[in-house]
Amino acid sequence: MTRLAPVSDSAKTAPQSTVATSPVSAPATAPATAPATGLPSGGTPRLLVVDGHSMAFRAFYALPPENFATDTGQHTNAVHGFTSMLLTMIRQQKPTHVVVAFDLDTPTFRSLEYTEYKGGRNKTPEEFYGQIDLIIKVMAAMKIPTISVDGFEADDIIATLSTQGEAAGWDVLVVSGDRDAFQLITEKVLVLYPKKGISDIPPMDAAAVEEKYLVPPNRYSDLAALVGESADNLPGVPGVGPKTAAKWLKLYGDLDGILENVDSIGGKVGESLRAHVEDVKRNRHLNHLLRDMDLPVALEQTLLQSPDREAVEELFDALQFNTLRKRLFDLFGEEEPEDAGEAHEVPEHQLLTEAGQLTTWLKAAPGPVAVDVLSEKAGLAHEAVAVALVRADSAVVVELSTADEALENTLATWLAADAPKVVHEYKEALKALSVRGLALAGVIDDTSLSGYLIQPDRRSYELAELSQVHLKVSFEAAKEESGQLDLGLEGEKKFTDAVQRGYVALLLSEHFAPMLVERGAEGLLRELELPLAAILAEMELTGIDVSQERLATLLADFTAAMNAAQEAAFAAIGHEVNLGSPKQLQEVLFEELGLPKTKKIKTGYTTDAASLKMLLEKTGHEFLAQLMAHREASKLKQMVETLKKSVGQDGRIHTTYAQNVAATGRLSSNNPNLQNIPIRTEEGRRVRDIFVVSEGYECLLAADYSQIEMRIMAHLSGDAGLIEAYAQGEDLHRYVGSHVFGVAPEEVTSAMRSKVKAMSYGLAYGLTSFGLSKQLEISVDEARTLVKDYFDRFGGVRDYLRGVVEQARIDGYTSTIEGRRRYLPDLASTDRQLRELAERVALNSPIQGSAADIIKEAMLGVDKALTEQGLKSRMLLQVHDELILEIWPGELDTVKALVTEQMGAAAQLQVPLEVQVGIGASWNDAGH
DNA sequence: CAGAAAACGTA
DNA sequence: CGTACGTTTTCTGT
């Protein structure tokens, strides 16, 4: 039995089976560790001792000081690098205790005894000044103790700490760029020694030291005494290097042994040794580290704690460390789950060979069965290779390649039957099975969809993540989603992983069931999203035909246009520049050409299209015109190139729809994205000519909703004026314009109409007067007046918009007409930016989301009608408010009527849903 | 080498 | 200082 560990155990932070994330990747295996933020959870305490100065210097030389400075001119590269290194170290090594030791500027017993000690070093660079103090401040804010002792070096403090730690039975990690630290290595003490920079820090253990220096760690100082240490200005015996020194040490045991036998060592090196015995003794004396100092900090006081948030905020503000601040809080921010889930026993599985076994298993007990489909890449799609069936107490696996006909038939029949099934990522399972000629029906839950309906704004709905978040259970099999990355996996492991995934999906599904009911999302899952997944699977597998010739022509045209524009742009300024680099463009535009400054962005001033257009109007500079031409051409060229690359062996493009990415309920399209094919410009529209009707079909049909979002606004607001306008089939914007501007409809100028249009749509996005003024290039006052006039005439809209936010604040969520929810906790945020964003989201989500629900509903209707009427025409694409179909010869009129009917009937609103239909041999021709 | 930022295409 | 996306390139920070 495999145990799924509750999250609060070590399993949460350490998937110990994977090398990359285990605390020490080499060479010693680390014991189980405690989470970075908490107390040791029964494991051995783990002490991280850092040599502050040596790491600060490493950081200083690893990062260019000119890139790290505050506005006040204080350099921070060493502070930044040091803090970054420490965070990485804490994340990777997961110490329970941390302490940093520093040297002081004052003389030490070593320099007093030997004045040249550490002499000959270069002067500390100016930029380093003050950075040690800053590091100490950072440590204070992180509540990490720092130790320095007058008259002693950090090395002695470190030696003492590691000795104390080892005596207490702890594991100790010493981070130091000083080789003297090697003498501290034991079974319990490892040294992390930075090779170069601060990120490449391999752990050194006894074996690693022996390999490198040919002596065990406890002889390292003997060896160093003989060889010398240039960093400390300690000359060794001339002619003696590590090899000779190691040979002697082996021969005589230790340094004392060698010194007792100096006279018996022959050769030139023997002579050299005899001449430098005093140096060696001095070296050995000086490199001996004190292990019994009295330290001002007890071992227990180095316990790693949560940082002082306020102090960190203040300090990092001053240091202008924003990415580090995030990393720090990410590292310490994750809160321990109060209640961990229970441990679960994943059932063992049986690999079936005979149909009878499957029949028996399927009969055994009621309740849903989880289905996990293992697939392998086969050409352009994934093909199912095995199917795992999982119940709470038992599991079976059918391997398709080895199953005999009877077994496969039994499986196929059951998969295609109504027997209740639970899956994770239904659409992918459908596709993989379909490629193998298998159907899948009776699916009552897809946890990637139910998870989405419950919480639609998550980044990911991977099984492992849902399991962590909802069940507080972590497990390892999740990564190989549906076995797609399984190349190196042994067959047996693949199967146990599949069973684990199925088991977790089953648990999640049970967990989600009451949540779906509570949120009223059951219907959306069963009657909308699940059936839609099957349609999308078909559409993805079908793909859309493209014309290779047009693709090639277009690519050549755009490339030529791009190159021409580039040449002309270079000519206009007399030199070359990377037109794709906003940074370089800024230099040319604002420094070289001295053009007026545009809108400020994080990295300077924007060079976006709107600003370039403005600059061109102001200055008429040729470079700007060519740059804009280049931008357009290169964008299109790139897009065509990407499309070309994504054409499958069947000559078609197969996009993938994501059903759980857009928080509003929309689909998204990727690989390639077919929902952002250009349409606005003449040149861009040519890209749509690439998409053509397939051989044997009559034409493409494009059907889109006319102004669906405005109609939803009219419906939701119940505004009498808007409803009246739509009821009469008037030009909405003209109608609104005539009321807002108080003129007759036929007197509405195109300028008035476009203003009104911009505002109408803007309102659905939470547009402000400021934003409107910018877009229409009018004053804020004018914009404000426009909004007021609008609302005076269409008060229903104003009341609705106001009410949406109010209601959302009360409920904590917004709803679409179909009841799809979006939770908006930020409405209560004290951060004004966040709160106002949440308010705009609250305004938009019901509108965008309702439109998404409606077209999804329409897709079900269209699919059903096509099937019921036995038509061969098929749906190919969805672009938010538009459906692209491919028409079988002779079916045009039927399908045209059916699509119009189904799209129009997808929702009963207070206003009609108008559908426009176009046909043509290409997507462009089908547009209107 | 991964991730952020900037830019830009769609509804 | 309008929403929702995906993709590309360049640059930055490891």
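For the numbers below, each heavy atom of this structure counts, side chains included, while hydrogens, waters and symmetry mates do not. Every chain is numbered from 1 and lettered A, B, ... according to where its sequence line falls, protein lines coming before strand lines.
With hydrogens and angles left out, the side-chain atoms of A:Ser845 and A:Arg822 include a donor and acceptor closer than 3.5 Å. No hydrogens or angles considered: nothing links the side chains of A:Thr656 and A:Asn671 as a donor-acceptor pair under 3.5 Å. Under 3.5 Å, the side chains of A:Gln848 and A:Thr664 contain a donor-acceptor pair of N or O atoms.
Looking at heavy atoms from C-beta onward, A:Gln626 lies out of side-chain contact with A:Gln566 at the 4.5 angstrom threshold. A heavy-atom distance below 4.5 Å is found between the side chains of A:Ile677 and A:Leu643.
Heavy atoms of A:Ala851 sit nowhere under 4.0 angstrom from any nucleic acid atom. Heavy atoms of A:Ile679 sit under 4.0 angstrom from primed sugar atoms or phosphate atoms, though from no base atom. At a threshold of 4.0 angstrom between heavy atoms, the contacts of A:Gln775 include nucleobase atoms, whether or not backbone atoms are also involved. A:Gly762 comes within contact range of at least one nucleobase, with a heavy-atom separation under 4.0 Å. Here A:Arg666 lies in heavy-atom contact (under 4.0 Å) with a base.
Rounded to whole Å, the distance from CG on A:Leu837 to P on C:dC1 is 10 Å. As a whole-Å value, the separation of A:Leu667 CG from B:dT10 P is 19 Å. Straight-line distance from the CG atom of A:Leu763 to the P atom of C:dT3: 14 Å, rounded to whole Å. A straight line from CD of A:Gln584 to P of C:dT12 spans 11 Å, rounded to a whole angstrom. Distance CG (A:Asn670) to P (C:dC5): 13 Å, rounded to an integer number of Å. Remark: C1' of B:dT10 and CZ of A:Arg685 are 14 Å apart, rounded to the nearest angstrom. Rounded to whole angstrom, the span from the CZ atom of A:Arg58 across to the C1' atom of C:dT14 amounts to 17 Å. One atom, CG of A:Leu767, and another, P of C:dT3, lie 10 Å apart when rounded to the nearest Å.
The side chain of A:Thr664 places no N or O atom within less than 4.0 Å of a non-bridging phosphate oxygen (OP1 or OP2) of C:dT3. OP1 or OP2 of C:dC1 has not a single side-chain nitrogen or oxygen of A:Arg832 nearer than 4.0 Å. Within the structure, a side-chain polar atom (N or O) of A:Lys583 is placed less than 4.0 Å from OP1 or OP2 of C:dT12.
At least one donor-acceptor pair under 3.5 Å links the side chain of A:Ser717 to the backbone N or O of A:Met713.
Here the closest heavy-atom approach between residue A:Thr816 and residue A:Gly849 is recorded as CG2-C, 3.5 Å. Nearest heavy atom pair, residue A:Tyr800 against residue A:Pro846, reads OH-CB, 3.8 Å.
For the pair A:Asp689 and A:Arg686, the salt-bridge criterion is not met [side-chain N within less than 4.0 Å of a carboxylate O]. A salt bridge links A:Asp317 with A:Arg325: the closest approach of a Lys/Arg side-chain nitrogen to an acidic carboxylate oxygen falls below 4.0 angstrom. Ion pairing of A:Arg820 with A:Asp853 is present here, as a side-chain N (NZ or NE/NH1/NH2) and a carboxylate O approach within less than 4.0 Å.
The side chain of A:His880 has B:dA11 as its nearest neighbour among C:dT7, B:dA11, C:dA4. The A:Val661 side chain lies nearest to C:dC5 when the options are C:dC5, C:dA4, C:dT7. Each of B:dT10, C:dT7, C:dG2 was ranked by its minimum atom distance to the side chain of A:Arg680; first place goes to B:dT10.
Along DNA chain C, the nucleotide nearest to A:Val841 and the one nearest to A:Phe770 differ in position, and the one closer to the 5' end is contacted by A:Phe770.
A heavy atom lying under 4.0 Å from DNA chain C marks the following residues of residues 636-648 of chain A, by number: A:Gln638, A:Thr642.
Taking the P atoms as reference points, B:dA5 lies 14 Å from C:dC1, given to the whole Å.
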For each nucleotide in nucleotides 2-8 of chain B, reading 5' to 3', give B when a protein heavy atom comes within less than 4.0 Å of its base, S when such contact involves only the sugar-phosphate, and - otherwise.
---SSSB
